[in-house]
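Before any comments, here is the structure.
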Amino acid sequence: MTILNWLQQAVQFLVLIPSAMLCYLPMHRQLRFSPKKTALLAAGTLLVYIPAAAWCAAALGLDCNIILLPSLLLFSVGYRLTLKTDWSRCICTFLFSCVVSAFVSNFSYAYDAWLHPESTSGQFSWQAALFQFAATGVAAVLLIFPLRKWGSILIDRLLVSGAWCSMIAVSAAFLLLNLAIIPRHYATLYVGRCFPIYITLLLVLLLFLIAMYVSFYHTAMGILRTAAIQERIQFFEMAENQYRMQKKYIEDTAKERHDFKQSVFTLKQLADAGNLTALQQYLTKYASTLPETEIRHFCKNHAVNALLNYYAQLAASNGIQLDWHTDIPEWILVAEPDLCSLLGNLIENAFAGCSTVEDTAPRYHCLSVELRNNVNLYIVSTNSFDGFVRLKDGQYESTKRKGSGIGIHSVKMIAEKYRGTARFHHMGTEFYADVI
């Protein structure tokens, strides 16, 4: 093994650098560490791997793919450890990067076949390796904007693992197909019209893959828009329910206000007559005619007040003790649908936790909402629950369905939208949510 041979092999592994960029572009909001630390970890790993892999390939006379393909399993594990997302989104993004690199690799084999018609794929030239590295870098640059904008939207908002698994199957199929059509002997490309057919096939497959990913994006966004509409409908249904309750309250109390004058005269006559028994009976009957429900004033914001009244009545019917202190003005920088969605998800999760508590134990929910300096909103939620949680990689998962909790994710997304944070933790039989 010579230094020149080692360098020629090392050039072939340089494609891992732009491939790593493709992996992390849509994950910039899902990094477990800071971007700088993540970049240093990736760079350090490749700095050790590339020289070592090139030495093995040169010393043992192996094809680079024989070393690279098994290494992808280790890279995928390391990639997963640097992210906060679930495995389905990680694997789908990782395979997408592999498929892009595989297409570029096949185009590079075609370029190598054009340069060295009598060679083989196992004797991949350094010129073709440089072409592969440059082409993969160009592909990564071209994909920076779509992956960081549209790709990150899907990564952050699409929580359905099944959808990601379907794209994992698609990417895996295209990856295997690219591996299957690698020209082992370049001379076969010069038989008849094989060379133009090979290039055409690669272009058609690449366009088909792009079409499938674009279709997946639009389908997923349609699902997300439908979910958002349903969430807004739920909020408006709560507001409508609260409006009907207020209307009923006004109608119920209208008669009481109309009859109140006569009732006062009757009470005065009974009191003047000294008929205490009849006075008590009359007061008892009168009290029973008053409305059972009462519209409470939690805050000055009408939409939030309607939402809190709805949940307050729900809590009363489920035996949940409330300790709510909400200081929200009529006008606030956070959009009302976002604020109501955030509070609604917090309360829904809290009530779901309370429902797991046995009847003999107390069920309670404490909520504090405070606005400081007209721009900083602090929300603290504490509720009782049975102490059972599902954790995966430090993230709370739903106890009602497989996968991460949608309510918790929605709260985090809204907090991040307004440059805030949302943290969740538990201790014993109490669950805490802190939103800034």
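For the single chain, residues carry numbers from 1 onward in sequence order. Side-chain atoms are counted along with the backbone in the values below, which use heavy atoms only and exclude waters and symmetry mates. The model shown is predicted, which means the values in this text are computed figures rather than measured ones.
Side chains of N383 and Y364: a donor-acceptor N/O pair is absent below 3.5 angstrom, by distance only. A side-chain N or O of H325 and one of D323 form a donor-acceptor pair less than 3.5 Å apart. Checking D434 against Y378 by side-chain atom types alone, no donor-acceptor pair falls below 3.5 Å. No hydrogens or angles considered: a donor-acceptor pair under 3.5 Å links the side chains of Y311 and E348. With 3.5 Å as the limit, one finds a donor-acceptor pair spanning the side chains of S101 and S19. Checked by atom type, the side-chain pair Y186/S121 shows no donor-acceptor distance below 3.5 Å.
The two residues L203 and F107 have their closest heavy-atom pair at CD2-CZ, 3.7 Å. In terms of heavy-atom proximity, T356 sits nearest to A352 at CG2-O, 3.5 Å. The heavy-atom pair separating A433 from L346 by the smallest distance is CB-CD2, 3.7 Å. Shown here for L81 and R32, the closest heavy-atom pair between the two residues is O-NE, 3.0 Å. Here the shortest heavy-atom pairing between S355 and R363 reads O-NH2, 3.8 Å. Between T93 and L22, the closest heavy-atom pair is CG2-O, 4.4 Å.
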| message | Show, in sequence, the C-alpha distance, side-chain angles and deciding distance for F424 and Y432, and conclude whether the ring-ring contact (aromatic ring centres under 6.0 Å, His included) test is met. | response | CA-CA 6 Å; F424 302 88; Y432 308 97; over 10 Å; no
| message | Show, in sequence, the C-alpha distance, side-chain angles and deciding distance for L343 and I328, and conclude whether the side-chain contact (heavy atoms from CB on, under 4.5 Å) test is met. | response | CA-CA 12 Å; L343 291 174; I328 305 176; 4.1 Å; yes
| Test side-chain contact (heavy atoms from CB on, under 4.5 Å) applied to M21 and L143, step by step | CA-CA 10 Å; M21 289 177 56; L143 290 171; over 6 Å; no
| field | Audit row: F75, Y49, ring-ring contact (aromatic ring centres under 6.0 Å, His included) steps and yes/no | value | CA-CA 10 Å; F75 285 139; Y49 174 83; 4.9 Å; yes
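For the pairing with L377, the side chain to side chain contact (heavy atoms under 4.5 Å, CB included) check across I436, L333, I332, V435 returns one residue only, I332. When the options K412, R29, R89 are evaluated for a side chain to side chain donor-acceptor pair (under 3.5 Å) with D156, the one that passes is R29.
In this structure, L177 and L205 have side chains that are in contact, with non-hydrogen atoms separated by less than 4.5 Å. Side-chain atoms of I379 and S368, non-hydrogen and from C-beta on, never get closer than 4.5 Å to each other. Between Q127 and H116, some side-chain heavy-atom pair lies under the 4.5 Å cut-off. In this structure, the side chains of V100 and T136 stay at 4.5 Å or more apart for every pair of heavy atoms. In this structure, W331 and K300 have side chains that are not in contact, with every pair of non-hydrogen atoms separated by 4.5 Å or more. In this structure, the side chains of C165 and W87 come closer than 4.5 Å at one or more pairs of heavy atoms. Contact annotation: the side chain of C23 never approaches that of F96 to less than 4.5 Å [non-hydrogen atoms, C-beta and beyond]. No side-chain heavy atom of H185 sits less than 4.5 Å from a side-chain heavy atom of E118.
For Y109 and F124, the ring centers sit closer than 6.0 Å to each other. Taking the centre of each ring, W164 and F216 come in below the 6.0 Å mark.
Put simply, the side chain of N318 gets close to the backbone of L314: a donor and an acceptor are under 3.5 Å apart. Side-chain atoms of N301 come within 3.5 Å of backbone atoms of A303 as a donor-acceptor pair (strictly under, hydrogens ignored).
Residue F33 places its CZ atom among more than 12 non-hydrogen atoms of other residues, nucleotides or ligands, all under 6.0 Å distant. Within a 6.0 Å sphere centred on CD of E416, other residues, nucleotides and ligands contribute more than 12 heavy atoms.
Both tests do not hold together for K149 against F145: distance to the six-membered ring centre under 6.0 Å, angle to the ring axis within 45°.
Ring orientation note: the planes of Y79 and F94 are tilted relative to one another, at an angle of 30° to 60°.
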